[in-house]
Amino acid sequence: MTDEPADLLTAYDDQLRERAEFDGAREVTRHGPLWWGIFSHGGFCSYRDLAGAVGSDVDELVRATVSHFRDRTEVGQFEWKTRGHDAPADLPERLVAHGLVAEERETVMIGEATGLAVPVQVQDGVSIRRAGEGGDLLDDVRRASAMQESVFGMDRGSDPEELARQVADVAGGGLWLAEADGEVVSAGRLTVVAGTEFAGIWGGSTLPEWRGRGIYRALTAARAIAALELGIRYIHSDCTDMSRPILERSGLVAVTTTTPYIWTR
């Protein structure tokens, strides 16, 4: 029986917020309902909820967060991760008033891995494999990163050497490539969230001239099959408007939205 969206959202709130978001952080600090973390890419603030805070109490939480990262850390920026179903409704306006800037809103998608792990045919000449299997891992990661940067027009991921170290741990997920004539035409990661029933699919991108051919759906299916082999129940992703229809066709359901608010030193 497939979970209802409300059940999926509950699982998301219970399993993917707070502690699960700070795996790999160099430093974690608690402040009331807030979690503050320091990662290689900068600072991060999240929470399960704001414990009923409204009005000036919310302002004080935001002020304390800005003060912490500005005065007690060396990070150049931090992200306050909001979700569309969280209270209070005026949190975005209060974040902006304290100097944070909204980035693109994304949709949180969740689905049963079993629903995604279905065969998807791709055209002759296109092959799909896990990075490092049938090729050099670091070279695979570098080529996938270069493809992704060409798609987005900017650096969207981790340093290739750091990412290669991460995906070398098969139990933690991996990176999948789609290749044609020796060229990486699409790629995406699978990241297992330790201690939960979830794995995330991230970094999905396909060269424009290769879109509409089922390649990204095939990458999603390959990652879902791998997730099932690792005992994962749910697949989740924060996706753009461009990738949302593809993930919906693959069986993921929209449960909420997420918008990063960024403070820069």
* To do: Any salt bridge (Lys or Arg N to Asp or Glu O under 4.0 Å) involving residues 240-251? Give me the pairs, sequence neighbours left out, ordered by first then second residue.
  => Arg244-Glu248
* Are any non-hydrogen side-chain atoms of Trp176 and Arg129 less than 4.5 angstrom apart? -> no
* Structure fact -> On a heavy-atom basis, the closest approach of Phe69 and Gly37 is CE2-O, 3.6 Å
* Heavy-atom distance under 4.5 Å between the side chains of Ile262 and Leu100, does that happen here? -> no
* Asked: Got a sec, which pairs hit salt bridge (Lys or Arg N to Asp or Glu O under 4.0 Å) with one end in residues 201-227, sequence neighbours left out?
  -> none
* Asp140/Arg130 ion pair, N-O < 4.0 Å -> no
* Residue pair Ala178 / Leu219: nearest heavy atoms and the distance that separates them -> N-CD2, 4.2 Å
* Distance (rounded to the nearest 0.5 Å) between Leu9 CG and His85 NE2 -> 4.0 Å
* **Pairs touching residues 22-33 that satisfy side-chain hydrogen bond (donor to acceptor under 3.5 Å, both in side chains), sequence neighbours left out** => none
* Not counting sequence neighbours, which residues clear side chain to side chain donor-acceptor pair (under 3.5 Å) with Asp124? List them please. => none
* Give the minimum heavy-atom separation between Ala227 and Leu190, together with the two atoms involved. => N-CD2, 4.0 Å
* To do: Kindly write out the residues that satisfy ring-ring contact (aromatic ring centres under 6.0 Å, His included) with Phe22, not counting sequence neighbours, or none if the list is empty.
  => Trp35, Phe44
* **Neighbour count above 12 (heavy atom, 6.0 Å) for Arg48 CZ** => yes
* Structure fact -> Of all heavy-atom pairs linking Ser46 and Glu21, the shortest is OG-OE1, 2.7 Å
* Asked: So does Glu93 have more than 12 non-hydrogen atoms from other groups sitting under 6.0 Å from CD?
  -> yes
* Structure fact -> Output for pair (Thr220 OG1, Leu252 CG), nearest 0.5 Å, gives 8.0 Å
* Trp36 and Tyr47: side chain donor to acceptor below 3.5 Å -> no
* **Arg83 bridged to Asp49 by N-O distance under 4.0 Å** => no
* Asked: To the nearest 0.5 Å, how far apart are CG in Leu175 and OG in Ser145?
  -> 7.5 Å
* Can you tell me if Ser237 uses its side chain to pair, donor with acceptor, with the backbone of Gly200 under 3.5 Å? -> no
* **Partner residues of His41 under the ring-ring contact (aromatic ring centres under 6.0 Å, His included) criterion, sequence neighbours left out** => Phe39
* Asked: From Ile232 CD1 over to Ile225 CD1, what is the distance, rounded to the nearest 0.5 angstrom?
  -> 15.0 Å
* Asked: Nearest 0.5 Å, what's the OG1-CG distance between Thr82 and Leu50?
  -> 10.5 Å
* Asked: Are Met109 and Val253 close enough that some pair of their side-chain heavy atoms sits under 4.5 Å apart?
  -> no
* Atom CZ of Arg70: over 12 foreign heavy atoms under 6.0 Å -> yes
* **Straight-line distance of Ile235 CD1 to Phe198 CZ, nearest 0.5 Å** => 9.5 Å
* Not counting sequence neighbours, which residues clear side-chain contact (heavy atoms from CB on, under 4.5 Å) with Arg94? List them please. => Val58, Asp59, Asp90
* With sequence neighbours excluded, tell me which residues meet side chain to side chain donor-acceptor pair (under 3.5 Å) with Thr206. => Ser186
* How far apart are the closest heavy atoms of Leu177 and Ala187, and which atoms are they? -> CD2-CB, 4.2 Å
* Structure fact -> side-chain contact (heavy atoms from CB on, under 4.5 Å) filter on Leu228, not counting sequence neighbours, yields Ala113, Thr114, Ala117
* Does any pair with a residue in residues 245-265 pass ring pair (Phe, Tyr, Trp, His ring centres under 6.0 Å), and if so which ones, sequence neighbours excluded? -> Phe78-Trp263
* Would you mind checking if Glu183 and Arg143 are paired as a salt bridge, meaning a charged N to carboxylate O distance below 4.0 Å? => no
* To do: Take atom CD of Gln121 as the centre, draw a 6.0 Å sphere, and report whether it contains more than 12 heavy atoms from other residues, nucleotides or ligands.
  => no
* Asked: Nearest heavy-atom pair of Val122 and Ala218: which atoms, and what distance?
  -> CG1-CB, 3.6 Å
* Structure fact -> Hits for side-chain contact (heavy atoms from CB on, under 4.5 Å) against Asp238, two or more places apart or cross-chain, chain-then-number order -> Lys81, Glu106, Val108, Trp202, Thr258
* Residues forming a side-chain contact (heavy atoms from CB on, under 4.5 Å) with Asp57, sequence neighbours excluded -> Ala53
